[in-house]
Structure formats: C-alpha cells, structure tokens
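Notes follow once the structure below has been shown.
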Amino acid sequence: MAEIKCTVTNCYYNKRLGCTAPTITVDGRNADESRSTKCDTFIEQKPGMRSSVNEPKDNTPISCMAVKCVYNDDERCEATDIVINGKNAKEPEETSCSTFRT
Ligand code: SF4
C-alpha cells in the first residue's frame, strides 16, 4: 500500500494531485524503464462527467505487473509512496510510474 502523488490531473480519480481510486493497477510486465509502465486504472475525465467524490487516500493497494521493479513483490507494490506522471493523458499508455527502479 502506498501514498500516490499523481500529476494526471485530468483523470477521473485525481483530486489535488492525489488518487481517490480504491485500488490501482500499474502495468508493464516487460518494462525496463519508467516510461514503459502505465496506470491502467486511469479514466479520462470528460466534460460533463462528475469527478470522483472521494478524498485522496494515503494507503492505496497497488497491483503492479512491472515485475522487474525493485519495489515489486509478487505483483504488489511495496513502495511507501509512488509518483504517477502523465499530464493531459488521453489513455493509460500516456501515463507512467516514475517510482519504477531496477
Ligand atoms: S492516473 Fe492512476 S494514479 Fe493517477 S489519479 Fe488516475 S487512477 Fe489514480
């Protein structure tokens, strides 16, 4: 579980650079570097769509397929906090986990 700082401010789940999703999934099974990862939970906030009413969490469970990352333990993220980047993303592929380390 980790606190998520997220610059993807146009994500449905983003509030004040925090994440309100109950859980997220980071993808990147073959990733050797940060830019090959992505937040699969991203949903683009469209005009007229009500944004998440929840508050950002500081202990979000993270499933993570980036098994080459040092923080990955059996497809779970064990980092205490992570940074997701992807300003103005339109799809998950335009986001990435900047905390990824090999
Ligand atoms: S992009 Fe992912 S980490 Fe960022 S707010 Fe959306 S669901 Fe949360």
Side-chain angles (χ1 to χ4, degrees):
M1 297 209 194
E3 180 169 9
I4 301 170
K5 294 289 174 213
C6 181
T7 66
V8 193
T9 51
N10 63 327
C11 175
Y12 168 80
Y13 291 114
N14 196 294
K15 192 170 278 182
R16 301 188 300 274
L17 300 177
C19 180
T20 65
T23 174
I24 71 164
T25 301
V26 173
D27 209 348
R29 184 164 296 283
N30 298 316
D32 286 314
E33 53 188 346
S34 169
R35 64 180 177 175
S36 302
T37 65
K38 63 178 177 181
C39 177
D40 245 355
T41 309
F42 167 82
I43 300 173
E44 187 183 7
Q45 175 77 47
K46 296 257 172 66
M49 189 193 230
R50 205 160 63 110
S51 61
S52 173
V53 293
N54 297 327
E55 288 297 310
K57 297 169 54 136
D58 59 9
N59 59 351
T60 308
I62 302 171
S63 297
C64 182
M65 303 306 130
V67 291
K68 295 181 186 171
C69 176
V70 294
Y71 299 113
N72 196 297
D73 182 12
D74 202 15
E75 300 188 353
R76 294 261 147 205
C77 177
E78 295 296 329
T80 51
D81 48 75
I82 68 167
V83 177
I84 301 286
N85 278 311
K87 225 168 169 36
N88 301 322
K90 296 268 181 269
E91 49 193 29
E93 284 70 17
E94 295 174 48
T95 68
S96 64
C97 175
S98 295
T99 306
F100 178 93
R101 297 277 179 282
T102 55

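When reading the values below, keep in mind they use all heavy atoms of this one structure, side chains included, and skip hydrogens, waters and symmetry mates. When a residue number appears, it is its place in the shown sequence, counting from 1.
If you chain together ILVMFWY residues whose side-chain heavy atoms come under 4.5 Å of each other, V70 ends up grouped with Y71. Hydrophobic clustering, defined by side-chain heavy atoms of Ile, Leu, Val, Met, Phe, Trp and Tyr closer than 4.5 Å, leaves V53 isolated from every other such residue. Hydrophobic side-chain contacts under 4.5 Å tie V67 to no other Ile, Leu, Val, Met, Phe, Trp or Tyr residue. Using a 4.5 Å cut-off between side-chain heavy atoms of Ile, Leu, Val, Met, Phe, Trp and Tyr, V26 falls into a hydrophobic cluster with I4, V8, I24, F42, I62, I82, I84.
Using modelled atom types, no side-chain atom of S52 and backbone atom of Y12 make a donor-acceptor pair closer than 3.5 Å. No donor-acceptor distance shorter than 3.5 angstrom exists from the side chain of K87 to the backbone of T7, with no hydrogens or angles considered. Under the 3.5 Å distance criterion, the side-chain polar atoms of D81 are left unmatched by any main-chain donor or acceptor of K5.
Summarising the geometry, atom CG belonging to D27 is positioned 10.5 Å from atom OG belonging to S63; distances are rounded to the nearest 0.5 Å. Annotation: the span from M1 atom CE to E78 atom CD amounts to 10.0 Å, rounded to 0.5 Å.
Among residues two or more places apart in sequence or in another chain, the side-chain contact (heavy atoms from CB on, under 4.5 Å) test is passed with N30 by none.
Between N72 and A66 the shortest heavy-atom distance is ND2-O, 3.1 Å. Between A31 and T37, the closest heavy-atom pair is CB-CG2, 3.8 Å. Nearest heavy-atom pair across A2 and A79 is CB-O, 3.2 Å. In terms of heavy-atom proximity, R76 sits nearest to P61 at NH1-CB, 4.2 Å. The shortest non-hydrogen separation linking E3 to K57 is CG-O, 4.3 Å.
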Taking only distance into account, with no hydrogens and no angle test, what donor-acceptor pairs under 3.5 Å do side-chain atoms of residues 92-102 form with protein atoms, sequence neighbours excluded?
residue, atom, partner, partner atom, Å
E93, OE2, K38, NZ, 2.9
E94, OE1, K90, N, 3.4
T95, OG1, C39, N, 2.8
T95, OG1, P92, O, 2.7
S98, OG, N85, ND2, 2.6
T99, OG1, V83, N, 2.8
R101, NH1, S98, O, 3.2

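Looking at heavy atoms from C-beta onward, M65 lies in side-chain contact with E75 at the 4.5 angstrom threshold.
More than 12 heavy-atom neighbours from other residues, nucleotides or ligands sit within 6.0 angstrom of CG on N59.
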Could you walk me through whether I43 and M49 satisfy the side chain to side chain contact (heavy atoms under 4.5 Å, CB included) test, starting with their C-alpha distance in whole Å, then the side-chain angles of each, then the deciding distance to 0.1 Å, before giving a yes or no?
CA-CA 11 Å; I43 300 173; M49 189 193 230; 4.0 Å; yes
